[in-house]
Every structure is written in C-alpha cells, then in structure tokens.
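Structure record follows, encoded as structure tokens.
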Amino acid sequence: MSWPLSPELLAPLAPWFERVRRDLAWRAQDLDAPHPDPYAVLVSELMLQQTQVATVVPYFARWLERFPDAATLAEADEDAVHKAWEGLGYYRRARFLKAAATSVAAEGWPGDLEGLAGLPGLGPYTAAAVGAIAFQWPTPALDGNAFRVLARLLLIEGDPKARAADLRTWLVPALGALGPSRLTQALMELGATVCAPAPACGACPLGDHCAARLAGRTADIPPVAKRAKPRASTLWLVAFEAKGQFLLQAPAARGLLAGLWRWPTFDAADHGAEPVLRPGSITAWLGWTQVYTHRREAVTPLRIGLEAPFTPAGGLRWVPGTELQGLPLGKRDQRLRDLLVTPGQPPLESPDPARLIRACAAPSA
Ligand code: SF4
C-alpha cells in the first residue's frame, strides 16, 4: 500500500466541513465530544440508509417527538412504529430500529464496535458510523459515498470495496487526528455534495492532491457497477369495498413487507381486461409506474364496490373504512388509499370482478 498518509491527505476536510456543514437536528454542535444523544444518531443513521437528507429531516423530527428515547420506542406498538415510518420505504429499518432500541433499553449501549454491530439492523457501516459519531470511537465507516471519494483520491482501480480492509486501516490515523465524528461526517458530506458520481472537483477541498483528478480519471474511477434490468410487471391494485369496509392483506410477520397492510393485487398477465358490464360498481383512476430497486410495476388502481362482504381467504381482512388512515401502508398502497377520497372514472374495461373475488375468497366448505 503506497498511499499518502491519511491525516495529511484528509486534513483539508476539517476546515471545509466547518464552513459548509448543514445544521441538521441529529448533528451535535461539539464534534470533539461524544454525542449527547446516541439514540438520535442511531435513528438518523438508519433513516439515512437509502434515503436523502431532505426527506429524512421531517421524519426525524416527528420520530423524536413520538419516540424520544430508546425505552419509549422499545415499548411502542408495532403498528404505531410502522405508521411513523410510513413513506420512508425499506420498512425493515423501522423494525430493526425498534429491535435495537429494545436491546439498548434493556442492556444499555454496547461498549465496542463488535457490540454495536451485533444490534439488529446495524451492518458494519452503520455500526462504525454510530461508533464514530455517537461515541467518538476511531471506527472507519465506509459507505458508497466514502468508497467513491477514497477510490478517486487514492486512484484505486476496480471495485474499491475489494480494498475495504486496507482502507479501514489507512483511515484510522486520520480519525484520531481529525476527530472520529468530524472526519466521518465530513467524508459523508463530501461524497454527497461534491464528490458525487459526477464530481464538482472545482469546489473540492481535496482537489490539489486527488490522484484521479490529477490523472484525468474521475469519470472512470470507481467503475460504475452494471445493474440488472428491473423486472417489469403490470398490476391491478384493487380496493374491494362492501358496506363501508375494505378488503386488505394483513401484515406479514417477516420479510420485506412485514408490518405493512396491503391492497390485493392481481397480475394483469393472469387477469386480463374485459369490458365492464356494471360500470357503476367499478371506479378507476389514472395509473402510474412504481419503481423499486429490482422491479417496475405498471399499476392500475381500481375500487370494486360489492353489495356484501364475502368470507376472505387466510391473511385477508375486512377493515372498516374509518380505520384505513391509521393503518401503516407502503407507498404504492398509500396512493390508492388517497385516491379513494377523490373522484375516479368508470373504466372501459377491467378484470372480471367475479374472478378476482374467487381469488380472494375462502374456499367454500
Ligand atoms: S477532486 Fe474531484 S474526484 Fe477528487 S475527491 Fe474531490 S471531487 Fe472527488
């Protein structure tokens, strides 16, 4: 490893960060002392995984108001936790946060990185970030932003994650010299705002010594990973309504969608469209494309009015319309909930309601 020493190379980050740092609710004023509220750091780190700062700001404020400390969150009802997370996506994070808070409330904060990494939902990056920002431990936190900055700064060929162990060792002296919390947050900030995928090198405090910049290689370092094409599907998203009640899928206990209520969906490939025979009973709204990391759904929302509820199959429940607002739903399903109070159109065609009902009804005895 013939990299320049990290304290010297990264030193300009400290005065730069002092100048540009945003005043965010989870940031301590004093970056040389342990954070006064490690729980706030934990909440912010989990919220910031895969979510932009601007989106997190109002969620963080509401969350801390609702669950001001680990003990309150540990005792909170699961539905209330999911409801407070509603709209942030990746709901696993909310469950991990509650589980981590439960552990902290019962046993206190772990005393080292290994203990932090053992808390639910804290991978090596989040554990190291919480260690550095909350406790001032010299634990190098490498996320996608930090890998990109360091790959360019040190002209690392290939995937910089393959050099993670070397990079962590290299960073430790700089964490000691510049302060773990300050350096960790400065690196994140630089990666998010200046050394973005298309870097603004003219505004970079590290520009004079950045090897990729000096070599004219900022465009190809690090190499962009090829993403698999997202799987495409076309769905009917259906709100069956009968006597003021709506049919929903109750939350699963595990998996990506655990804790969330869902509308029944039907793949258009299996449930083709036919002319609507009783237009008054079906309402449609303009569809949209829902984009997830690995899939894209073309969604058509429908409300199908029934004269009476049927006995639903396992996992489906009739829920009074008055309770809909209080249920935690994912983003796609929130959209249909919001549409239900807006005027829709009678569709020209829809899947056959009788077939959909058969798919959702309990088998008759
Ligand atoms: S000079 Fe450019 S490529 Fe190098 S670290 Fe700064 S922003 Fe990134």
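Order of appearance sets the numbers: ligands from 1, and atoms from 1 within every ligand.
Each of the following atoms of ligand 1 lies closer than 4.0 Å to a heavy atom of Gly207: 1 (S). Heavy-atom contacts of Arg152 reach the following atoms of ligand 1: 3 (S) (cutoff under 4.0 Å). The atoms of ligand 1 that sit less than 4.0 Å from any heavy atom of Thr218 are 3 (S).
Using a 4.0 Å heavy-atom cutoff, Leu206 is absent from the residues neighbouring ligand 1.
Checked against the 6.0 Å centroid criterion, the rings of Tyr39 and Trp26 do not qualify as a close aromatic pair. The six-membered or imidazole ring of Trp63 lies near that of Phe67, with a centre-to-centre distance under 6.0 Å. Checked against the 6.0 Å centroid threshold, Phe135 and Trp109 count as a close aromatic pair.
Side-chain contact check for Gln290 and Trp288: at least one donor-acceptor pair (N or O, by modelled atom type) lies under 3.5 Å. Thr283 and Gln345 share no donor-acceptor pair across their side chains, judged by distance under 3.5 Å alone.
At the top of the distance list for atom 4 (Fe) of ligand 1, counting protein heavy atoms only, stands Cys210 SG, 2.3 Å.
Figure legend: Arg93 and Tyr90 shown without cation-pi pairing, the cationic atom not lying both under 6.0 angstrom from the six-membered ring centre and within 45 degrees of its axis.
Atom 2 (Fe) of ligand 1 lies under 2.8 Å from an N, O or S atom belonging to Cys201. The nearest N, O or S atom of Cys204 is not closer to atom 4 (Fe) of ligand 1 than 2.8 Å.
In the candidate list Ala196, Ala211, Cys195, Cys195 is nearest to atom 7 (S) of ligand 1, counting heavy atoms.
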